[in-house]
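Chain A is the first sequence line, chain B the second, and so forth, proteins listed ahead of strands; every chain is numbered from 1.
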Number of protein chains: 2
Amino acid sequence: MRKMVDALRENQYRITPQRLAILKVLAESKGHPSVESIYEQVQTRFPTTSLATIYKNVAVLRDLDQLLELGFSDDSNRYDGNKPYDHPHVVCTVCRKILDPDISALADMTQELTRETGFTITRHRLDFFGVCPECQARR
Amino acid sequence: MRKMVDALRENQYRITPQRLAILKVLAESKGHPSVESIYEQVQTRFPTTSLATIYKNVAVLRDLDQLLELGFSDDSNRYDGNKPYDHPHVVCTVCRKILDPDISALADMTQELTRETGFTITRHRLDFFGVCPECQARR
DNA sequence: TATTTGTTGATAATCATTTTCCATAAAAAA
DNA sequence: TTTTTTATGGAAAATGATTATCAACAAATA
Ligand SMILES: [Mn+2]
Ligand SMILES: [Mn+2]
Ligand SMILES: [Zn+2]
Ligand SMILES: [Zn+2]
């Protein structure tokens, strides 16, 4: 949150109430919100907020490396403002919530890949799909 | 290849020259072709082939679990006819070629996830991005 | 061979998300 | 405060890969 504000300041972006509200949603959110979800939450405090404003600000933060963007081919983008760097995710296929699991032995994997394929690996996208405990209980 | 033909037969799909040509491209391709790429290759033997035909057949094979579909939010789908089940991929960000690396310790990861998050994991999508040896050499 | 029914090819339609536009509002600098 | 510059809001437009449509065609079956 503080980091994000600093990044905006350092790059001559103005600090507006809408921006702060968006940052707050991103910082406090645990389920990797979509633009639409951020929009709805910001609207409770700023009813005239525009969707376009959310899109524009999310793009700014993404370009400043303050936000990890998770694109899906069959769904809208999701955002992580707490860990703005590549990391694995667990996606519930029922409620669409997304969590950050702790996974050991990840750096190993990249090394193994480099050794085996000769690729220089710079990024990754690791998604596991399944059903979360809450959705399992609802059966 | 044989497997794919059998699957089509078993499900009362007709064996047409176009289908065989598409299967051949899929079976022989190593870089995970897009629909467009399959289209271009099939066209060298059947110049009147339609893009729609490729789309339709790829959908059929995907529904018969003969084809793994890799959707990208910022690019067209890619297909793997050799390993029609979830597995990791290495993507070259320069030439867009996609390879199948051999990775040990993968089942472990899913187990660790299940234990840690309580999710029942059914699918995964593991993409590593970097530059392939060929593209590195071209610098 | 005749009949049936699935397939092809060409094109138009779709689809929802994301971008763009621009007049108005509001930060920041002077 | 005044000026300058950037951001917002509301709406419209773009995006472009994928899907739907349908007449013409060709496998399969007997
Ligand atoms: Mn995350
Ligand atoms: Mn593969
Ligand atoms: Zn759930
Ligand atoms: Zn390459």
Side-chain angles (χ1 to χ4, degrees), chain A residues 4-25 32-64 66-67 69-79 96, chain B residues 4-25 32-64 66-79 96 98:
Chain A
M4 293 201 249
V5 176
D6 290 347
L8 287 173
R9 283 231 167 78
E10 283 168 24
N11 293 83
Q12 285 81 49
Y13 286 99
R14 296 179 177 176
I15 309 302
T16 67
Q18 290 88 342
R19 285 213 162 117
L20 287 175
I22 293 170
L23 295 193
K24 193 147 182 279
V25 169
H32 300 75
S34 63
V35 162
E36 194 70 37
S37 161
I38 299 171
Y39 176 56
E40 286 163 10
Q41 293 178 69
V42 170
Q43 270 203 325
T44 66
R45 279 201 293 163
F46 299 90
T48 68
T49 305
S50 170
L51 238 199
T53 298
I54 314 291
Y55 271 104
K56 281 178 274 201
N57 279 292
V58 153
V60 165
L61 292 168
R62 188 234 297 124
D63 292 344
L64 292 178
Q66 297 302 306
L67 210 52
E69 183 176 70
L70 300 177
F72 292 88
S73 56
D74 56 351
D75 209 348
S76 47
N77 291 353
R78 305 286 289 266
Y79 296 89
R96 302 304 289 175
Chain B
M4 294 201 249
V5 176
D6 290 347
L8 287 173
R9 282 230 168 79
E10 283 168 24
N11 293 83
Q12 285 82 47
Y13 286 99
R14 296 182 178 174
I15 309 301
T16 67
Q18 291 89 341
R19 286 217 160 115
L20 286 175
I22 293 169
L23 294 192
K24 192 147 182 278
V25 169
H32 301 73
S34 62
V35 163
E36 194 70 37
S37 159
I38 299 171
Y39 176 54
E40 287 163 9
Q41 294 178 66
V42 170
Q43 269 204 327
T44 66
R45 281 201 290 163
F46 299 90
T48 67
T49 305
S50 171
L51 237 198
T53 298
I54 314 292
Y55 271 105
K56 280 179 277 201
N57 280 292
V58 153
V60 165
L61 291 168
R62 188 236 295 126
D63 293 344
L64 292 178
Q66 297 301 307
L67 211 51
L68 178 68
E69 182 176 71
L70 300 176
F72 292 88
S73 56
D74 56 352
D75 209 347
S76 46
N77 291 353
R78 305 287 289 267
Y79 296 89
R96 303 303 288 174
I98 302 180

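- At least one side-chain nitrogen or oxygen of Asn77(A) sits closer than 4.0 Å to the OP1 or OP2 atom of dT18(C).
- When atom types are taken as modelled, the side chain of Arg78(A) and the backbone of Arg96(A) share a donor-acceptor pair closer than 3.5 angstrom.
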Discussion item. Please evaluate residues Leu23(A) and Leu8(A) with respect to the criterion side chain to side chain contact (heavy atoms under 4.5 Å, CB included), reporting the C-alpha separation (whole Å), side-chain torsions for both, the decisive distance (0.1 Å), and the verdict.
Written reply: CA-CA 11 Å; Leu23(A) 295 193; Leu8(A) 287 173; 4.1 Å; yes
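- Counted by atom type alone, Gln41(B) and Ser37(B) present one or more donor-acceptor pairs between their side chains at under 3.5 Å.
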Worksheet item: Quick one: what's the B/S/- string for nucleotides 3-9 of chain C, heavy-atom cutoff under 4.0 Å, read 5' to 3'?
Response: --BBSBB
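- Nucleotides of DNA chain D lying under 4.0 Å from heavy atoms of chain A occupy a range whose first and last members, 5' to 3', are dT5(D) to dA11(D).
- Atom OH of Tyr79(A) and atom C1' of dT17(C) are 10 Å apart (whole Å).
- In this structure, Thr49(B) and Phe46(B) approach most closely via the heavy-atom pair OG1-O, 2.6 Å.
- The minimum heavy-atom distance linking Ser76(A) with Ser34(A) is given by the pair OG-CB, 4.0 Å.
- Looking at Leu61(A) and Tyr79(A), their side chains never come closer than 4.5 Å, going by heavy atoms from C-beta outward.
- Residues Arg14(A) and Arg19(A) approach most closely at O-NH1, 2.8 Å, considering heavy atoms.
- Atom pair Arg62(A):CZ and dT18(C):C1' shows a separation of 11 Å (rounding to whole Å applied).
- Within the 4.5 Å cutoff, the side chain of Asn77(A) has no heavy atoms near those of the Val35(A) side chain.
- In this structure, CD1 of Ile15(A) is placed 16 Å from C1' of dA29(C), rounded to the nearest angstrom.
- Two residues, Leu51(A) and Glu36(B), neighbour DNA chain D, and the one matched to the more 5' nucleotide by heavy-atom proximity is Leu51(A).
- For the atom pair CG (Asn11(A)) and CG (Asp6(A)), the distance works out to 11.0 Å, reported to the nearest 0.5 Å.
- Side-chain contact between Val60(A) and Leu67(A): absent, with no pair of heavy atoms (C-beta onward) separated by less than 4.5 Å.
- One end of the helix from dT1(C)-dA30(D) to dA30(C)-dT1(D) points its axis 40° away from the other end's axis, with each axis taken from 5 pairs and the angle rounded to 10°.
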Fill in: Gln18(B) and Ile54(B): CA distance, side-chain angles, deciding distance, side chain to side chain contact (heavy atoms under 4.5 Å, CB included) verdict
CA-CA 9 Å; Gln18(B) 291 89 341; Ile54(B) 314 292; over 6 Å; no
